[in-house]
Amino acid sequence: MSTAGRVTEWVPRREGPRIGGRTVVRDDVIEVRFPYTGRLVGTVAKATAEDARHAIELAAAYRSSLTRHERYTALMRTGELIRQRSDDWARLITLESGLSLADTRHELRRTCDTLLFAANQALVDDGQVFSCDITEHGQARKVFTTREPLLGVICAITPFNHPLNQVVHKVAPAVATNNRIIVKPSEKTPLSALAFADTLYEAGVPTEMVQVVTGDPAEVGAVLVTDPRTDLVAFTGSSTVGKQIAASAGYRRVVLELGGVDPAIVLDDADLDEAARLVAAGACKNSGQRCTAVKRVLVQSGVADEFVRLLVARVGALRCGDPLDPDTDIGTVIDEDAARGIEAAVADAVGRGARVLCGGEREGARYPPTVVDRVSAEMPLVTDEVFGPVVPIVRFADDGTAIRIANASRYALSASVLTRNLDRATRFISELHAGSVNVGEVPGYRLELTPFGGTKDSGLGYKEGVIEAMKNYTNVKTYSLPWR
Ligand code: NAD
């Protein structure tokens with residue numbers, strides 16, 4: 001990466017939006033601090049509404065003529081550059097997010113997968129052909145389809161929890177389909193998005209194709225979402241903000257990837273040790289800050305005590321501490337305010353009769369993995385999204401009750417079922433309200449390629465993942481030709 005990503009000797013950087021290949025510098029800045037110590041990691045200039053309009057103007061005036069092979073090469077090269085500098089990247093993401101190096105290294109592996117899949121999909125022409133002589137009144141013609149980039153600009157708005165891969169999931173499919181995209185990353189973690197843009201440029205992506213606008217979300221977000229030249233808004237973040245964006249977007253395509261309170265459902269025939277391992281990882285990795293983190297553990301009563309004992313041992317063994325220490329499993333959450341919110345949600349549950357079995361003691365932005373037992377399905381700890389490493393245990397008697405509890409949520413993102421019984425597994429797959437159901441895995445298991453996304457308050461059912469994003473980012477043109 002040419003500038004932003006080299007962090008071997010860390011000096012706070014003075015950064016700014018990437019508009020038309022230039023870094024915009026302004027006195028009005030956002031400070032980015034390492035959540036573990038509060039140390040200044042960098043400042044990022046706040047773009048004005050005028051800057052955002054300028055970015056749209058440049059993008060709208062540009063048409064990419066990159067061939068499929070050129071797009072493939074640029075995306076593959078971007079992945080190579082990230083791999084070559086993975087130590088610097090991991091440190092950058094850790095510094096701006098407080099995620100442990102173990103977590104950010106995992107994010108980098110996922111990012112390289114996203115780039116690999118987008119590069120390969122750029123080579124695939126999924127046009128269809130229909131013969132027209134297939135009914136008695138048919139004709140000697142064929143109908144063809146082809147996918148074209150959008151006429152207008154894509155606006156992408158991303159959350160803090162995977163500072164790089166969330167951005168790559170929006171941008172790589174846009175490059176693969178020859179679109180123009182403007183990213184507004186989270187103001188909490190803008191540095192990775194800026195460094196990623198630089199890496200794309202270095203790999204040969206034209207600067208008008210990908211721009212990054214940092215700033216006050218309400219000010220620049222409103223311009224990007226409502227400008228008539230914006231054809232599509234791809235938003236990942238909370239349900240509250242997603243619904244506001246949907247309301248203001250008006251007559252244009254909106255893809256929403258929102259929150260979740262995903263259940264892991266442990267049935268009485270499960271391998272309990274394996275279930276405890278998966279639930280501990282699913283709830284606590286990335287400091288519990290994943291839309292698909294396990295946010296409710298539904299356990300069948302007959303095995304609940306044994307499962308909880310195994311789970312507490314697994315969760316208690318996770319090492320929390322300095323995110324930059326390679327031996328740390330769990331770093332901080334995004335900031336002290338977030339940690340206080342998690343602490344308050346757990347205290348509320350305890351006030352309603354729940355019991356903390358391990359963890360629970362906050363220090364600054366550090367909130368340790370915390371198992372909370374005796375949670376009832378109606379407590380806000382499990383009805384609201386608590387974005388941190390909390391593992392609430394809800395007991396149930398039979399499969400029907402587990403499905404009823406799981407489906408009572410206003411969210412429907414992902415779920416997992418831990419069972420060795422195929423009949424029970426298939427019943428859960430068909431009856432759960434969820435965009436994905438993983439049997440014998442965590443709710444968040446996915447490939448970066450495969451369709452991903454939820455319904456109800458988790459999204460409108462339009463999926464992401466590289467293939468679906470490329471469909472969202474293109475218009476199908478149908479044409480027909482005489483065919484003898
Ligand atoms: P958030 O909704 O607070 O912010 C997301 C983005 O929206 C940020 O870039 C923010 O600056 C921007 N934003 C805020 N107000 C805006 C406005 N008025 N106009 C335009 N943009 C605005 O979410 P967060 O706290 O960054 O991320 C956590 C949330 O994201 C959780 O709810 C999590 O479940 C969700 N999430 C969902 C997925 C998914 O794929 N379904 C993935 C990751 C995170």
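Bear in mind that the values here come from a model prediction, so they are computed numbers and not experimental data. Remember, it's 1-based here, ligands and their atoms both numbered in the order they're listed. The figures here come from the full heavy-atom set of this structure, side chains too, leaving out hydrogens, waters and symmetry mates.
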| remark: The answer for which part of R290 has a heavy atom under 4.0 Å from ligand 1 is neither
| field | Any N/O pair G221/ligand 1 closer than 3.5 Å | value | no
| request: Could you tell me whether K295 and ligand 1 have an N or O pair separated by under 3.5 Å? | output: no
| request: Check whether any side-chain heavy atom of V124 sits under 4.5 Å from a side-chain heavy atom of M470, and report yes or no. | output: no
| So which bit of T292 gets within less than 4.0 Å of ligand 1, heavy atoms only: side chain, backbone, both or neither? | neither
| task | Tell me, with the steps shown, if R410 and D457 meet salt bridge (charged side-chain N to carboxylate O under 4.0 Å, His left out). | result | CA-CA 6 Å; R410 63 177 191 277; D457 273 8; 3.4 Å; yes
| Which atoms form the tightest heavy-atom contact between I93 and S192, and what is the distance? | CG1-OG, 3.6 Å
| said: Need the ligand 1 atom indices (1-based, order shown) with element for anything under 4.0 Å from a heavy-atom of I157. | reply: 6 (C), 7 (O), 9 (O), 12 (C), 20 (C), 21 (N)
| query | Going through the distances and angles, do R340 and E336 end up as a salt bridge (charged side-chain N to carboxylate O under 4.0 Å, His left out)? | reply | CA-CA 6 Å; R340 283 186 195 282; E336 186 164 345; 2.7 Å; yes
| said: Tell me whether S458 has any N or O atom under 3.5 angstrom from an N or O of ligand 1. | reply: no
| request: Considering only protein heavy atoms, determine whether one is less than 4.0 Å from atom 4 (O) of ligand 1. | output: no
| message | Need the ligand 1 atom indices (1-based, order shown) with element for anything under 4.0 Å from a heavy-atom of N161. | response | 43 (C), 44 (C)
| message | Going by the closest heavy atom to atom 28 (C) of ligand 1, which one wins out of F235, F387, F452? | response | F387
| query | How does V225 reach ligand 1, by side chain, by backbone, by both or by neither, if only non-hydrogen atoms under 4.0 Å count? | reply | neither
| task | Using distance alone, determine whether T236 and ligand 1 share an N or O pair under 3.5 Å. | result | no
| Protein residue, atom and distance nearest to atom 15 (N) of ligand 1, heavy-atom basis | V241 CG1, 3.6 Å
| Is it true that a side-chain atom of T94 and a backbone atom of L99 form a donor plus acceptor pair closer than 3.5 Å? | yes
| Heavy-atom contact under 4.0 Å between E464 and ligand 1? | no
| Taking atom 43 (C) of ligand 1 as the reference point, the nearest protein heavy atom with its distance | Q166 NE2, 3.0 Å
| request: Specify the protein heavy atom at minimum distance from atom 41 (N) of ligand 1: its residue, its atom name, and the distance to 0.1 Å. | output: L258 O, 2.7 Å
| query | For atom 10 (C) of ligand 1, which candidate among H162, E187, K188 holds the nearest heavy atom? | reply | E187
| message | If you measure every N or O of E385 against every N or O of ligand 1, does any of those distances drop under 3.5 Å? | response | yes
| message | Could you check whether any side-chain heavy atom of L381 comes within less than 4.5 Å of a side-chain heavy atom of V386, counting everything from C-beta outward? | response | yes
| Under 3.5 Å: donor-acceptor pair, side chain of N161, backbone of Q289 | yes
| Verdict with reasoning, R395 to D373, per salt bridge (charged side-chain N to carboxylate O under 4.0 Å, His left out) | CA-CA 9 Å; R395 293 161 193 244; D373 199 3; 2.8 Å; yes
| message | Keeping T214 on the side-chain end and A45 on the backbone end, is there a donor-acceptor pair under 3.5 Å? | response | yes
| note | The complete set of salt bridge (Lys or Arg N to Asp or Glu O under 4.0 Å) pairs with one or both residues in residues 163-186, sequence neighbours excluded, reads K170-E464, K184-E187
| Protein heavy atom at shortest distance from atom 9 (O) of ligand 1 | T158 O, 2.7 Å
| task | Find all atoms of ligand 1 within a distance of less than 4.0 Å from any non-hydrogen atom belonging to I245, and give their numbers and elements. | result | 20 (C), 21 (N)
| request: List the closest protein heavy-atom neighbour of atom 2 (O) of ligand 1: residue, atom name, distance to the nearest 0.1 Å. | output: S238 OG, 2.6 Å
| Close-contact set for ligand 1 against P185 heavy atoms, below 4.0 Å | 9 (O)
| request: Flag the pair E448 / R110 as yes when at least one side-chain heavy-atom distance between them is below 4.5 Å, and no otherwise. | output: yes
| note | Closest to atom 25 (O) of ligand 1 among protein heavy atoms sits F160 CE2, 3.2 Å
| query | Taking Y36 for the side chain and G364 for the main chain, is one N or O donor matched with an acceptor at less than 3.5 Å? | reply | no
| task | Give a yes or no on whether the backbone of T78 and the side-chain of T199 come within a donor-acceptor separation of less than 3.5 Å. | result | no
| message | Could you identify the single nearest non-hydrogen protein atom to atom 22 (C) of ligand 1 and state the distance to 0.1 Å? | response | P217 CB, 3.5 Å
| message | Checking contacts here: is it the side chain or the backbone of A222 that comes within 4.0 Å of ligand 1, counting heavy atoms only? Could be both or neither. | response | neither
| field | Numbered atoms of ligand 1 (with element) below 4.0 Å of K184, judged on heavy atoms | value | 9 (O), 10 (C), 11 (O), 12 (C)
| said: Could you work out, for atom 35 (C) of ligand 1, the closest of P159, S414, G237 by heavy-atom distance? | reply: G237
| Do V241 and I245 come within less than 4.5 Å of each other through their side chains, counting heavy atoms only? | yes
| query | With no hydrogens and no angle check, is any side-chain donor or acceptor of D126 less than 3.5 Å from a backbone partner on R147? | reply | no
| request: May I ask you to identify the nearest protein heavy atom to atom 36 (N) of ligand 1, giving residue, atom name and distance to one decimal place in Å? | output: C291 CB, 3.5 Å
| said: Closer than 3.5 angstrom, by distance alone: can the side chain of R253 be matched with the main-chain N or O of L232 as a donor-acceptor pair? | reply: no
